[in-house]
Student: 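One structure, pasted below without further comment.
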Amino acid sequence: MHAGMTYMERRPEQRDAVARWFPKARSVALCAFSYSDGKPAATLPGQGRLSRYCLPPDYHDVLRGRMESLLSWLRGAVPGAEGRVFVDTSPVLERLHARLAGIGWVGKNAMLISRRLGSYFFLAGLATDLELDYDPPAAEHCGTCTRCLDACPTRALSAPRVLDASRCIAYFTVEHRKGSIPADLRPAHGDRVFGCDACQEACPWNRFSPPEPALRAERSPGLDLDAAARLSPDAFAAAYRGTPLQRTGHAAFLRNVLLAMGNSGERRFAPILEGFARSADPVLAEQARWSLERLSALC
Ligand code: B12
Ligand code: SF4
Ligand code: SF4
């Protein structure tokens, strides 16, 4: 259930092997960086929606810097200590190690959830050759709740803690950079242009997000779809440099914007969709035609 993310087909036990990646590792320290103050992520009718994690600056760069500072501090405190930091791109499964380190439990939405932070946090880690004291794993606190499973628009959570990426809106809007979004899933995308928070918005533990998150939002979750569709590749690069949207790229962003226009039910988007329906890019042209039909059905 890895959709197009072929790097995930390597066996999980191989991906977990910190020792293969950093043979000297004796301990792994995990840090959680909150990025939401828990206030409602409001959008206006006819706007697109950006998920909360892309509102602060790109976490990969920021967190790598913070973890490098931690490593420098460790080297100062224990001369000769060695270590390597990881944020997303290493073979280390961060949720596995964060669960073992006691940061939180794996919720039925597959997110790591902390009693103090909820689930709106990023994970970053540091493997070191030092033998550190270990924290015990956190207890599970989902109980009989199933709100996230019920809230998932595409039924991508096929069972508790089982995420079918080939149905997940976060996968299609962020990682599926080339090609179309499957037509049967498009209506359920709603206004989402980048990422999806539905299974976290539903979670009661996110009522406890800290008022002062570690990473501050720098943009609004509401996206002006009309302006977004008119961005040239250069204007897109300038607007989203240093954010996760930059990595997804202009063509996939446009495809997602056109899809959200179709789901908006707003006739004012028809002229711009008609323009894209004549695009030389077959993915954009097909998406625009679908969105025009969707608008006709909704209006
Ligand atoms: C690939 C990936 C994705 C894929 C998911 C693929 C998948 N099937 O997991 C896609 C693109 C869909 C995705 C989406 C999102 N992602 Co992502 N993603 C990753 C990435 C890079 C690798 C995850 C991976 O390899 N998964 C494979 C499975 C096997 O591993 P796992 O997800 O860690 O699963 C563990 C648990 O589920 C647990 N488990 C499974 N079953 C059970 C049962 C029991 C009883 C227990 C106890 C445990 C347990 O064991 C597994 C191994 O440890 C990680 C960063 C990293 N390097 O870890 C970020 C990461 C998981 N993503 C993150 C985020 C923020 C998101 C989104 C919220 C983004 C968004 N707003 O759109 C969504 C959330 C979707 C969701 N509900 O999980 C954060 C999660 C933080 C947190 N609090 O949990 C991470 C850790 C990035 C980071 N550095 O902070 N993501
Ligand atoms: S991120 Fe969205 S589509 Fe993916 S599992 Fe959560 S609610 Fe479902
Ligand atoms: S919504 Fe309920 S079941 Fe889902 S992760 Fe949160 S507490 Fe667990």
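Whatever order the structure lists ligands and atoms in, that order sets their numbers, starting from 1. Just so it is clear, the structure is predicted and the values come from calculations on it, not from any experiment.
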Student: Quick one: which ligand 1 atoms are inside 4.0 Å of a heavy atom on E175?
Tutor: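 Answer, ordered by atom number: 11 (C).
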Student: Tell me which protein heavy atom sits closest to atom 6 (Fe) of ligand 2, plus the residue, atom name and distance to 0.1 Å.
Tutor: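 Residue, atom and distance for the closest contact: C199 SG, 2.4 Å.
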Student: Using a 4.0 Å heavy-atom cut-off, which part of F122 comes near ligand 1: side chain, backbone, both, or neither?
Tutor: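 For F122, backbone and side-chain atoms both sit under 4.0 Å from ligand 1.
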Student: Between S291 and Q287, do the side chains contain a donor N or O and an acceptor N or O under 3.5 Å apart?
Tutor: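 Distance-only check passes for Q287 and S291.
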Student: Considering only heavy atoms, which of L63, N109, L157, V106 lies nearest to atom 76 (C) of ligand 1?
Tutor: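 The option holding the nearest heavy atom is N109.
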Student: N/O of L123 under 3.5 Å from N/O of ligand 1, yes or no?
Tutor: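 So ligand 1 has an N or O lying under 3.5 Å from an N or O of L123.
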Student: Any non-hydrogen atom of V87 lying under 4.0 Å from ligand 1?
Tutor: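 No; V87 lies far enough from ligand 1 that no heavy-atom distance drops under 4.0 Å.
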Student: Just to confirm my output: which protein heavy-atom neighbour is closest to atom 4 (Fe) of ligand 2, and how far is it?
Tutor: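 The protein heavy atom lying closest is C168 SG, 2.4 Å.
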Student: Can you tell me if S232 and D234 form a side-chain donor-acceptor pair at under 3.5 Å?
Tutor: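 Side chains of S232 and D234: no pair found under 3.5 Å.
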Student: Could you verify whether a donor N or O on one side chain and an acceptor N or O on the other, from T154 and R167, lie under 3.5 Å apart?
Tutor: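 Not at all, the side chains of T154 and R167 share no donor-acceptor pair under 3.5 Å.
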Student: Have a look at ligand 1 and work out which part of Y120, if any, has a heavy atom under 4.0 Å from it: side chain, backbone, both or neither.
Tutor: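 It is neither part, as no heavy atom is under 4.0 Å.
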Student: Do you see an N/O/S atom of C203, backbone or side chain, under 2.8 Å from atom 6 (Fe) of ligand 3?
Tutor: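 C203 does place an N, O or S atom closer than 2.8 Å to atom 6 (Fe) of ligand 3.
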Student: Less than 4.0 Å between a side-chain N and a carboxylate O, is that true for E175 and R247?
Tutor: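 No, R247 and E175 are not salt-bridged.
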Student: With a 4.0 Å cut-off on N to O distance, would you call R75 and E82 a salt bridge?
Tutor: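 Salt bridge flag = no for E82 with R75.
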Student: Enumerate the atoms of ligand 1 whose separation from the nearest heavy atom of G195 is less than 4.0 angstrom.
Tutor: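 Listed by number with element, the hits are 72 (O).
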Student: Just one of S36, P210, P213 clears the side chain to side chain contact (heavy atoms under 4.5 Å, CB included) bar with L117, so which one?
Tutor: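 It is P210, the one option of S36, P210, P213 that forms the side chain to side chain contact (heavy atoms under 4.5 Å, CB included) with L117.
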Student: Return yes when V92 approaches ligand 1 closer than 4.0 angstrom through a heavy atom, no otherwise.
Tutor: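 V92: in contact with ligand 1 (<4.0 Å).
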Student: Under 4.0 Å from a heavy atom of S51: give me the atoms of ligand 1 that qualify, with their elements.
Tutor: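 Under 4.0 Å from S51, ligand 1 has these atoms: 71 (N).
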Student: Of all the atoms in ligand 3, which lie at a distance below 4.0 Å from a heavy atom belonging to I113?
Tutor: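 Result: 5 (S).
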Student: Can you list the atoms of ligand 1 that are under 4.0 Å from a heavy atom of Y53?
Tutor: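 By the 4.0 Å cutoff, the relevant atoms are 69 (C), 70 (C), 71 (N), 72 (O).
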Student: Counting heavy atoms only, which of E94, K108, H176 comes nearest to atom 58 (O) of ligand 1?
Tutor: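 Nearest heavy atom to atom 58 (O) of ligand 1 lies in E94.
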Student: Considering non-hydrogen atoms of the protein only, which is the closest contact for atom 2 (Fe) of ligand 2, and what is the distance?
Tutor: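 Nearest neighbour among protein heavy atoms for atom 2 (Fe) of ligand 2, to 0.1 Å: C196 SG, 2.3 Å.
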Student: Evaluate the ring planes of Y240 and F253, with Trp represented by its six-membered ring, and classify them as parallel (under 30°), tilted (30 to 60°) or perpendicular (over 60°).
Tutor: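 Aromatic pair Y240/F253 classed tilted.
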Student: If you count the atoms of ligand 2 from 1 in the order shown, which ones are under 4.0 Å from a heavy atom of A198?
Tutor: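 Checking each atom against A198, I get 7 (S).
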Student: Hey, which atoms in ligand 1 end up nearer than 4.0 Å to a heavy atom of D197?
Tutor: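 Once the distances to D197 are compared, the set is 71 (N).
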Student: Is L93 in contact with ligand 1, taking contact as a heavy-atom separation below 4.0 Å?
Tutor: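 Contact check L93 vs ligand 1: positive.
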Student: So, 2.8 Å as the limit: is an N/O/S atom of C152 located closer than that to atom 8 (Fe) of ligand 2?
Tutor: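 For C152, the answer is yes, given that an N, O or S atom comes within less than 2.8 Å of atom 8 (Fe) of ligand 2.
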Student: Quick one: look up the protein heavy atom nearest atom 3 (S) of ligand 2 and list residue, atom name and how far away it is.
Tutor: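 For atom 3 (S) of ligand 2, the nearest protein heavy atom is I169 N, 3.2 Å.
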Student: Under the 6.0 Å and 45° cation-pi test, does R99 pair with W105?
Tutor: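 No, R99 does not sit over the ring of W105.
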Student: Are any side-chain N or O atoms of R192 and backbone N or O atoms of H189, one a donor and one an acceptor, separated by less than 3.5 Å?
Tutor: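 Confirmed, R192 side chain pairs with H189 backbone.
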Student: How far is atom 8 (Fe) of ligand 3 from its nearest protein heavy atom, and which residue and atom is that?
Tutor: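 Minimum-distance protein heavy atom for atom 8 (Fe) of ligand 3 reads C142 SG, 2.3 Å.
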Student: Between P153 and ligand 2, which part of the residue brings a heavy atom under 4.0 Å of the ligand: side chain, backbone, both or neither?
Tutor: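 Side chain only.
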Student: Could you pull out, from L112, L50, V162, the option with a heavy atom nearest to atom 83 (N) of ligand 1?
Tutor: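 Heavy atom nearest to atom 83 (N) of ligand 1 belongs to L112.
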Student: What I want to check is whether the side chains of Y53 and Q200 have a donor and an acceptor closer together than 3.5 Å.
Tutor: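 Q200 and Y53 do not have a side-chain donor-acceptor pair below 3.5 Å.
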Student: Does C199 approach ligand 1 within less than 4.0 angstrom via side chain, backbone, both or neither, non-hydrogen atoms only?
Tutor: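 Near ligand 1, C199 shows its side chain, while the N, CA, C and O stay back.
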Student: Given R95, H60, R161, H97, which has its nearest heavy atom closest to atom 40 (C) of ligand 1?
Tutor: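 Minimum heavy-atom distance to atom 40 (C) of ligand 1 goes to R161.
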Student: Among side-chain atoms of R186 and N263, is any donor-acceptor pair under 3.5 angstrom?
Tutor: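 Absent: no donor and acceptor within the cut-off.
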Student: Counting only heavy atoms closer than 4.0 Å, does ligand 2 sit against the backbone of L163, its side chain, both, or neither?
Tutor: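 Looking at L163 and ligand 2, just side chain atoms fall under 4.0 Å.
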Student: Testing the 3.5 Å rule here: is there a donor-acceptor pair between the side chains of D191 and S264?
Tutor: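 Side chains of D191 and S264: no pair found under 3.5 Å.
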Student: Show which atoms of ligand 1 fall inside a sub-4.0 Å distance from at least one heavy-atom site of F121.
Tutor: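 Near F121, the atoms of ligand 1 are 81 (C), 82 (C), 83 (N).
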Student: Below 4.0 angstrom from a heavy atom of C148, which ligand 3 atoms are there? Numbered from 1 as shown, please.
Tutor: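 So the atoms of ligand 3 that pass are 1 (S), 3 (S), 4 (Fe), 5 (S).
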Student: Counting only heavy atoms, which portion of Q200 has something under 4.0 Å from ligand 1: side chain, backbone, both, or neither?
Tutor: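 Side chain only.
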Student: Could you check which of D88, V174, L163 puts a non-hydrogen atom nearest to atom 85 (C) of ligand 1?
Tutor: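 Selected option, by shortest heavy-atom distance: D88.
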Student: Under 4.0 Å from a heavy atom of C196: give me the atoms of ligand 1 that qualify, with their elements.
Tutor: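 Ligand 1 atoms under the 4.0 Å threshold to C196: 70 (C), 71 (N), 72 (O).
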Student: Show the atoms of ligand 1 that are less than 4.0 angstrom away from any heavy atom in S119.
Tutor: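 Answer for ligand 1: 83 (N).
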Student: Return the residue, atom name and 0.1 Å-rounded distance of the protein heavy atom closest to atom 7 (S) of ligand 3.
Tutor: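 Nearest protein contact, heavy atoms only, for atom 7 (S) of ligand 3 is W205 CD1, 3.6 Å.
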Student: Here's a test for you: under salt bridge (charged side-chain N to carboxylate O under 4.0 Å, His left out), which of K108, R115, R161 qualifies with E140?
Tutor: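 For E140, the salt bridge (charged side-chain N to carboxylate O under 4.0 Å, His left out) check succeeds only for R161.
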Student: Please confirm whether the ring centroid of F122 lies under 6.0 Å from the ring centroid of Y35.
Tutor: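 Yes, they do, as the ring centres are separated by less than 6.0 Å.
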Student: Answer with side chain, backbone, both or neither: which part of R99 has a heavy atom less than 4.0 angstrom from an atom of ligand 1?
Tutor: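 For R99, the contact with ligand 1 is made by the side chain alone.
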Student: Just to check, does N109 reach to within less than 4.0 Å of ligand 2 when the distance is taken from its heavy atoms?
Tutor: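 Contact check N109 vs ligand 2: negative.
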